[in-house]
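Below is one structure, written out as structure tokens, with a few remarks after it.
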Amino acid sequence: MLDSTHFVTEPLVAVLVDSADLLSQGRAWADRLALPLTQRADPGVATLFLTLTADRLELRSADPAEGGAVYVDFVAGKGGFRRQREGGLRQPLARAVGLRGSRPCTIVDATPGLGQDALVLAALGGEVQMVERSPVVAALLADGLRRLAAQRLEQPLLLTLQEGDARLVLAGLEVEGVCPDVVYLDPMYPHRDGSALSKKEMRRLRILVGDDDDAAALLAVAVRVARQRVVVKRPRQAPVLGDQRPSMAIYSKNTRYDVYLTADRQRV
Ligand SMILES: C[S@@+](CC[C@H](N)C(=O)[O-])C[C@H]1O[C@@H](n2cnc3c(N)ncnc32)[C@H](O)[C@@H]1O
């Protein structure tokens, strides 16, 4: 049974514009996200600033000790799509999801965060729909996708974004009869050594979205909807999510991917 009791409140965030030229765009973001607008990163205003620069949207901290800006980067650096393609289909995430270069695979990433895992899956040929419920995180993802689209790749990645609670979106796909092959989950977890994100990124996400303590309910919907499998990313030693025993697990150094096969269940 779905409910709407989980609210993601983001009272600690304000929209900051880097220069006066960006004020009208900043106002549009502030109105859309119902956040205050400011031109100064004053800690009295907010803990985090969704900052509009000439190039991109960034999440900055009011506390300089917390480090520099966090943003979604699908193009360059460690998260860039070229680097991810190099990782190949033998990497544990690709194996857990069951990607085979030759066969199309539709994936809902129901906990995309800053999109690093979604990018790996799309770079390796998956058709990935990200569903993110935090409006601020979704804004960062949308901005990352905008910069990726500007690359005009010969072979564009199949990577899209929908803002909303994945429990509701998945239930909607089920009603429409367009269930994905795979649902991928990587909910927040207290200690995240194996995360695709850095400690700084994780700390900032946690301030925004909290602990995802309804993740077991999301798993229950995912198992019902996925045509082939659900994959849950956990720290290597963590208990399984919601006491649900997986069909198998795939390990990397710090991470465990619990795989729930659903294809047999769908045939009966
Ligand atoms: C740990 S982060 C995921 C990190 C991600 N795998 C990456 O590579 O960047 C978890 C994210 O899932 C989102 N989330 C959790 N439950 C959700 C739900 N029911 N629907 C949509 N998004 C959800 C949170 O808002 C958060 O942004």
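Start at 1 and go down the list; that is how both ligands and their atoms are numbered.
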Inset, instruction - Identify the two heavy atoms, one from Tyr189 and one from Pro239, that lie closest to each other, and give their separation to 0.1 Å. - result: OH-CD, 3.3 Å
Inset, instruction - Decide side-chain hydrogen bond (donor to acceptor under 3.5 Å, both in side chains) for Asp117 and Tyr184; before the verdict, give the C-alpha distance in whole Å, the side-chain angles of both, and the deciding distance to 0.1 Å. - result: CA-CA 9 Å; Asp117 290 329; Tyr184 177 70; 3.0 Å; yes
Within the structure, does [X] bring an N/O atom to less than 3.5 angstrom of an N/O atom in ligand 1?
X      : value
Arg133 : yes
Asp117 : yes
Asp109 : no
Arg167 : no
Val137 : no

Please identify which atoms of ligand 1 are closer than 4.0 Å to at least one heavy atom of [X].
X      : result
Ala166 : 18 (C), 19 (N), 20 (N), 21 (C)
Leu218 : 19 (N)
Asp186 : 1 (C), 2 (S), 3 (C), 4 (C), 5 (C), 6 (N), 10 (C)
Gly164 : 20 (N), 21 (C)
Ala110 : 17 (C), 18 (C), 20 (N), 21 (C), 22 (N), 23 (C)
Gln116 : 7 (C), 8 (O), 9 (O)
Leu205 : 2 (S)
Gly115 : 7 (C), 9 (O)

Legend entry - Thr111 vs Asp186, side-chain hydrogen bond (donor to acceptor under 3.5 Å, both in side chains): CA-CA, chis, key distance, verdict: CA-CA 6 Å; Thr111 57; Asp186 174 22; 5.5 Å; no
Inset, instruction - Could you see which bit of Asp212 sits under 4.0 Å from ligand 1, with heavy atoms only: side chain, backbone, both or neither? - result: side chain
Legend entry - Side chain, backbone, both or neither: Val209 near ligand 1, heavy atoms under 4.0 Å: side chain
Inset, instruction - Examine ligand 1 and decide if any of its atoms is less than 4.0 Å from a heavy atom belonging to Met202. - result: yes
Inset, instruction - Consider ligand 1: state whether an atom of it lies below 4.0 angstrom from any non-hydrogen atom of Ala118. - result: no
Basic-acidic side-chain contact under 4.0 Å: [X], [Y]:
X      : Y      : result
Arg60  : Asp18  : yes
Arg56  : Glu58  : yes
Asp214 : Arg167 : yes
Arg133 : Glu163 : no
Asp258 : Arg234 : no
Arg203 : Asp63  : no

Inset, instruction - With sequence neighbours excluded, give me every salt bridge (charged side-chain N to carboxylate O under 4.0 Å, His left out) pair touching residues 92-110. - result: none
Legend entry - Shortest heavy-atom approach to atom 3 (C) of ligand 1 - which of Thr111, Val136, Val221: Thr111
Ignoring hydrogens and angles, write down the donor-acceptor pairs under 3.5 Å from the side chains of residues 30-39, residues two or more places apart or on other chains.
{"from": "Thr38", "atom 1": "OG1", "to": "Arg40", "atom 2": "N", "distance (Å)": "3.1"}
{"from": "Thr38", "atom 1": "OG1", "to": "Arg40", "atom 2": "O", "distance (Å)": "3.0"}

